Structures are given as structure tokens and as C-alpha cells.
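Keep in mind that this is a model prediction, so the values were computed, not measured.
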Amino acid sequence: MTFTDLGSTEPVTLDRYVDFVADRLTETPDLAGYPRWHAAQVREALRLDSNPRPDWLMLALGPDGEWLGTTAMVRFRHQPFVYNELTALHPCARGRGLALPLKLQAVQRAQAGGFTTMRTNNHSLNAPMLAVNRRLGFRQLAGRFELHLGELR
């Protein structure tokens, strides 16, 4: 397995990446059963139009160049930390111990960027990712509920 980022990719590859992420989101415990996100929603979550860091969008590649998984970091403006928005593997790549080295890529890039704090969220039913996060030193904190008001009419 090798790792790469999208720092010097063409727009068509970035579009493919957005689709790859949208597919992985539907496989997460918190979004299973919900509609697949539109490209605009994924682009917003990854800050691709407001604060793009394609070098923080990393891929794990198989021996034939197939995309096995991704981890993505974003930065909230005026915050002293980076946020690991997503770490996800294609179903064919799960159970092979790939999530830890993939997420470690994000940790190393955050450290190289001068960040000493990384945050992430983890669904309580996602035991494999909880184990990865614990192994990397993430501290488990109490969850929170968020309510978002839709469009006012």
C-alpha cells in the first residue's frame, strides 16, 4: 500500500475523490440508510470551496493504484486545531489493518504543519475506528447533540 494526497491533482481527480467520499459516507454507522450526499455537500464538508487543502486529502492506494481508503483533514478558521473529517475504507479493504497507517498520515501532516491538536468524531457503534483512535492517543469525550435550523421562510 502507498499513500498519496490530492495536492497536485487535476480537477477531474478531485471530482472522483468527492464521489469516493460520498460513497464511503453512506457506509458509516451515522449515515447508513440516509441518502447519498451530493457533491456540493461533500465539497462543503471538506472546505474545498472556502479553505481548500487538497494536500490534506489523502488516499491509500493498492498495488494496482486502486483507491482503498481515505482520510481527510480540515481546519476551522481561527481554531488552533485540525479536524479529521473522515477516515474511511472501501468495503473490499476493510479488516486488513489499513485504517491506522492511513490515519497516521493525517497525524503526521498535522504535526508537520505545526498543529499539536487534532479532533475527530466517532460513532459509538464504530468499534474498529474507536480502536484506531484510542491507539493514536485520541481521548474519548462525551458526545453532543447538534440541532440545525433549516431555511427560514
Counting N and O atoms only, with roles assigned by atom type, does the side chain of E66 sit under 3.5 Å from a partner on the main chain of D64, one being a donor and the other an acceptor? yes
The reported gap from CD in Q79 to OG1 in T117 (rounded to nearest 0.5 angstrom) is 11.0 Å
Hydrophobic cluster membership, with links at side-chain heavy-atom distances under 4.5 Å among I/L/V/M/F/W/Y: are M58 and L89 in one? no
Checklist entry - Between N122 (side chain) and L130 (backbone), is there a donor-acceptor pair under 3.5 Å? => result yes
>> Please check this pair: side chain of H90 against backbone of C92, looking for a donor-acceptor N/O pair closer than 3.5 Å.
In response: yes
Query raised in the report: Can you tell me if T120 and Y83 form a side-chain donor-acceptor pair at under 3.5 Å?
Result: no
| field | Same apolar cluster (I L V M F W Y, side chains within < 4.5 Å links), L31/V21 | value | yes
Find out whether N51 and R75 are in side-chain contact, i.e. whether some heavy atom of one side chain is under 4.5 Å from a heavy atom of the other. yes
- Message: Check this for me: E44, atom CD, are more than 12 non-hydrogen atoms of other residues, nucleotides or ligands nearer than 6.0 Å?
- Response: no
Review point. For the side chain of Q41 and the backbone of H38, is there at least one donor-acceptor N/O pair under 3.5 Å apart?
Key: yes
Do T26 and D23 have side-chain N/O donor and acceptor atoms under 3.5 Å apart? no
Quiz prompt | T71 side chain to L86 backbone, donor-acceptor under 3.5 Å | solution = yes
Out of curiosity, does L14 fall in the hydrophobic cluster containing W37 (side-chain heavy atoms, cut-off under 4.5 Å, transitive links)?
yes
Checklist line | same_hphob_cluster(W56, F138) at 4.5 Å side-chain heavy-atom cutoff | finding: yes
Side-chain (R47) to main-chain (A45) donor-acceptor, under 3.5 angstrom
yes
**Item:** Heavy-atom donor-acceptor pair, N84 side chain to R119 backbone, under 3.5 Å
**Value:** no
Would R16 count as a cation-pi partner of F20, with NZ or CZ less than 6.0 Å from the six-membered ring centre and within 45° of the ring normal?
no
Between the CE atom in M118 and the CZ atom in R109, the distance rounded to the nearest 0.5 Å is 11.0 Å
Rounding to 0.5 Å, atoms CZ (F81) and CZ (F76) come to a distance of 6.0 Å
*asked:* Given 3.5 Å as the limit, does a donor-acceptor pair link the side chain of R36 with the main chain of D19, or not?
replied: yes
Next on the checklist: Between L25 and L57, is there shared hydrophobic-cluster membership here, with clusters defined by ILVMFWY side-chain heavy atoms closer than 4.5 Å?
Outcome noted: yes
